[in-house]
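Since this is a predicted model, take the numbers as computed values, not measurements. Positions are given from 1, in the same order as the sequence printed here.
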Amino acid sequence: MIPNLSNSQTIRKTVIETEHGVVAAQHSRAARIGAEVLAAGGDAVDAATAVSFAIGVVEPWMSGPAGGGAMMLWRADEQKAYALNYGMRSPKNLDIADYPLSGAGKADDLFPWEKVVDDRNVQGAKSIAVPGLVDGVGKAHERFGKMPWRDLVQPAVDLAHEGLYVDWYAALIIASTTRALAQDPDAAALFLEDGQWPTIAGWTSVAEKRLDMKAMGQSLAEIAENGHRTLYDGDLGAMMAADVQAKGGSLSHEDLRAYNASFHAPLQFSHGSAKFNVLPGLTAGPTFQQVFQHLDPATMNGTTPDGAAYAAYVDGLKAAYAKRLAEMGHDGESPEAPGCTTHFSVVDRHGNMVAQTQTLLSIFGSRVVSPSTGFLMNNGIMWFDPTQGKPNSLAAGKPCLMNVCPVIGETGDGARFAFGASGGRKIVGAVSQLSSFVSDYGMSLSDAFHHPRIDVSGGDTVVVDDSLPADVQAGLAEKHPIHTTRRTIFPYAFACTAGVMRRNGKNAGCTEIMSPWGDAISEDQI
């Protein structure tokens, strides 16, 4: 690590326990909107609906209506968990001949695939998959929501018409992708100065710069008025598909009409006295379970994990990833990639919970904007291996293999939590360690989120937080190549986490401590 950073600076986030509902999200404005819904008597699913749309406006490069993802839900009255998958799919008319290998080595975005000619699977209209987010959120609301759909989408409409405020962090994110955004005229017009330069925040506190999100606002207003299926069955979906096809992609209105998010029985398992509910299928849920199969709760004693525990985390993650890559195919991000997803968690005053992860896949997705809708489109095709004959090879009409890992868990003393993270292949390691911290060591939510973690993303190298004790680092270094680094704002060496916990009738929430926008807000703070 280059030693430019202050050694005396300490960063913490305040975690408050309350009898009221709490929303923990990667953007404070979205979290506040969710807390307002709870304060108005809304269910956790109502709050999640509002947050989902709002965060797609204020953090559009991470997720949005043209993305996908999944959620775990806990219904307190039923004492039952539900899994909802709204992952993306490849279009039915996709032609694998459009993605020839270039022979130029490995791709340089999130996945170490063989390079495709013109990076068509990474960027541009041919990288766009069938989005699932709006249908997934709509189905959750239909089943469990209490407040009117229109009222929950409206705050996102208002945010879009207000325009995206460009502070220093937004400017940093936009600058990181300027060259790619400049290749699509509509993306360039929305995010860049004069269509080619990074949009930079003002240097004084009175300066203000905003991006014009009115087109997105109009589309969200239509979704608010006509319901979630209007993006799939209505004119809005037809226009979005036409925009993608005009730019050379294969997404069709037929793909959208045929799309349906689906509820599933969760993958449930125990770890000592703890219980976990995760997503089954083509997600990181099975990988999360496999990590815990390599952890012995009888040896994980005390109040904090020791060197043996971190060694077990490494062994468990390496074994779980080996199994995942062999049976599901390679997925995830390279160590150099930035965070490119969002996660938020909600608990209401009755104990209902939502752990929701949503994504465009890469940062800024396909770097293509649909001009008719104002939506930034996903690049879900990049989830597939462009080399044929592999478990996750690119094909038409195929579900994407996701690395999302929302978790509903319960500790031996009856505390329940909803955790998740963004960060590609870093996600499952972060969520499994947080879950172990609270279930094996009885940590509070605050202690767990502030405790140092390691990252194992499928390769040999173990990324180690430099605040771990020297003896723990030395023990890991005896068995594995390690890279020592610090938790920073950019780039994220570790996943960006968010979670809520309910213990003895009190709720709490926290987000990644280095996230400058992330916050947990309770309804009694409104």
Can you check side chain to side chain contact (heavy atoms under 4.5 Å, CB included) on Gln268 and Lys275, steps first, answer last? CA-CA 7 Å; Gln268 299 177 319; Lys275 300 175 183 178; over 6 Å; no
Verdict with reasoning, Met72 to Leu279, per side chain to side chain contact (heavy atoms under 4.5 Å, CB included): CA-CA 7 Å; Met72 288 296 307; Leu279 288 152; 4.0 Å; yes
Stepwise, does the side chain to side chain contact (heavy atoms under 4.5 Å, CB included) test hold for Phe53 with Leu159? CA-CA 10 Å; Phe53 283 102; Leu159 286 174; over 6 Å; no
Kindly determine whether Ser372 and Asp243 satisfy side-chain hydrogen bond (donor to acceptor under 3.5 Å, both in side chains), including the steps that lead there. CA-CA 7 Å; Ser372 299; Asp243 286 346; 3.0 Å; yes
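Not a single ring pair (Phe, Tyr, Trp, His ring centres under 6.0 Å) links Tyr99 to another residue, sequence neighbours left out. Scored by the salt bridge (Lys or Arg N to Asp or Glu O under 4.0 Å) test, Asp118 finds Arg120 as partners (sequence neighbours excluded). Residues meeting the ring pair (Phe, Tyr, Trp, His ring centres under 6.0 Å) test with His480, sequence neighbours left out: none.
For Gln433 (side chain) and Ile454 (main-chain N/O), a donor-acceptor pair under 3.5 Å exists by modelled atom type. Thr177 contributes no side-chain N or O that, together with a main-chain N or O of Ala180, makes up a donor-acceptor pair within less than 3.5 Å.
Salt bridge Asp466/Arg486: present, at least one basic N to carboxylate O contact under 4.0 Å. Residues Asp315 and Lys479 are not paired through a salt bridge, judged by the lack of any N-O separation under 4.0 Å between the basic side chain and the carboxylate. Arg229 has a carboxylate O that lies under 4.0 Å from a charged side-chain N of Asp135, or vice versa, which qualifies the two as a salt bridge. Ion pairing of Asp385 with Lys390 is present here, as a side-chain N (NZ or NE/NH1/NH2) and a carboxylate O approach within less than 4.0 Å.
Taking a 6.0 Å sphere around CZ of Arg179, one finds it holds 12 or fewer heavy atoms contributed by other residues, nucleotides or ligands. Heavy-atom contacts from other residues, nucleotides or ligands closer than 6.0 Å to CG of Asp235 number 12 or fewer. Heavy atoms from other residues, nucleotides or ligands lying under 6.0 Å from NZ of Lys398 number more than 12.
In this structure, Phe288 and Phe292 have tilted ring planes: the angle between them lies in the 30° to 60° band.
Counting heavy atoms from C-beta outward, Ser252 and Gln245 have side chains that approach closer than 4.5 Å. Contact of the Val57 side chain with the Met216 side chain is registered, since non-hydrogen atoms from C-beta on lie closer than 4.5 Å. Two residues are said to be in side-chain contact when any heavy atoms from C-beta on lie closer than 4.5 Å; Leu172 and Phe490 meet this criterion. Between Phe449 and Phe437, the closest side-chain pair of non-hydrogen atoms is not below 4.5 Å. Trp113 is not listed as a side-chain neighbour of Val122, based on a closest heavy-atom distance of 4.5 Å or more. Counting heavy atoms from C-beta outward, Leu476 and Val314 have side chains that approach closer than 4.5 Å. Under the 4.5 Å side-chain criterion, counting only non-hydrogen atoms from C-beta, Met353 is in contact with Ile408. The side-chain heavy atoms of Asp465 and Arg453, taken from C-beta on, include no pair separated by under 4.5 Å.
Interatomic distance, CD of Gln183 versus OG1 of Thr178, reported as 11.5 Å (0.5 Å rounding). Atoms CZ and OG, from Phe417 and Ser435 in turn, are 4.0 Å apart once rounded to the nearest 0.5 Å.
For the 3.5 Å distance criterion, the side chains of Thr485 and His483 fail to qualify, holding no donor opposite an acceptor. Side chains of Asp233 and His253: no donor on one and acceptor on the other come within 3.5 Å. Of the N and O atoms on the side chains of Ser262 and His264, at least one donor lies less than 3.5 Å from an acceptor on the other residue. Counting only N and O atoms by type, the side chains of Gln358 and Thr342 include no donor and acceptor under 3.5 Å apart. Using modelled atom types, one finds no donor on one side chain facing an acceptor on the other under 3.5 Å when comparing Thr49 with Ser52. In this model, a donor atom of one side chain and an acceptor atom of the other lie less than 3.5 Å apart for Ser436 and Tyr313. Side-chain contact check for Thr359 and Thr341: at least one donor-acceptor pair (N or O, by modelled atom type) lies under 3.5 Å.
Across every non-hydrogen atom of Gln473 and Leu468, the tightest pair is NE2-O, 2.8 Å.
Geometrically, Arg89 does not engage Tyr259 in a cation-pi contact defined by less than 6.0 Å to the ring centre and at most 45° from the axis. The cationic atom of Arg75 (NZ for Lys, CZ for Arg) does not lie both less than 6.0 Å from the six-membered ring centre of Tyr82 and within 45° of the ring axis.
With Leu251 as the fixed residue, the side chain to side chain contact (heavy atoms under 4.5 Å, CB included) test singles out one of Leu94, Val130, Asn378: Val130.
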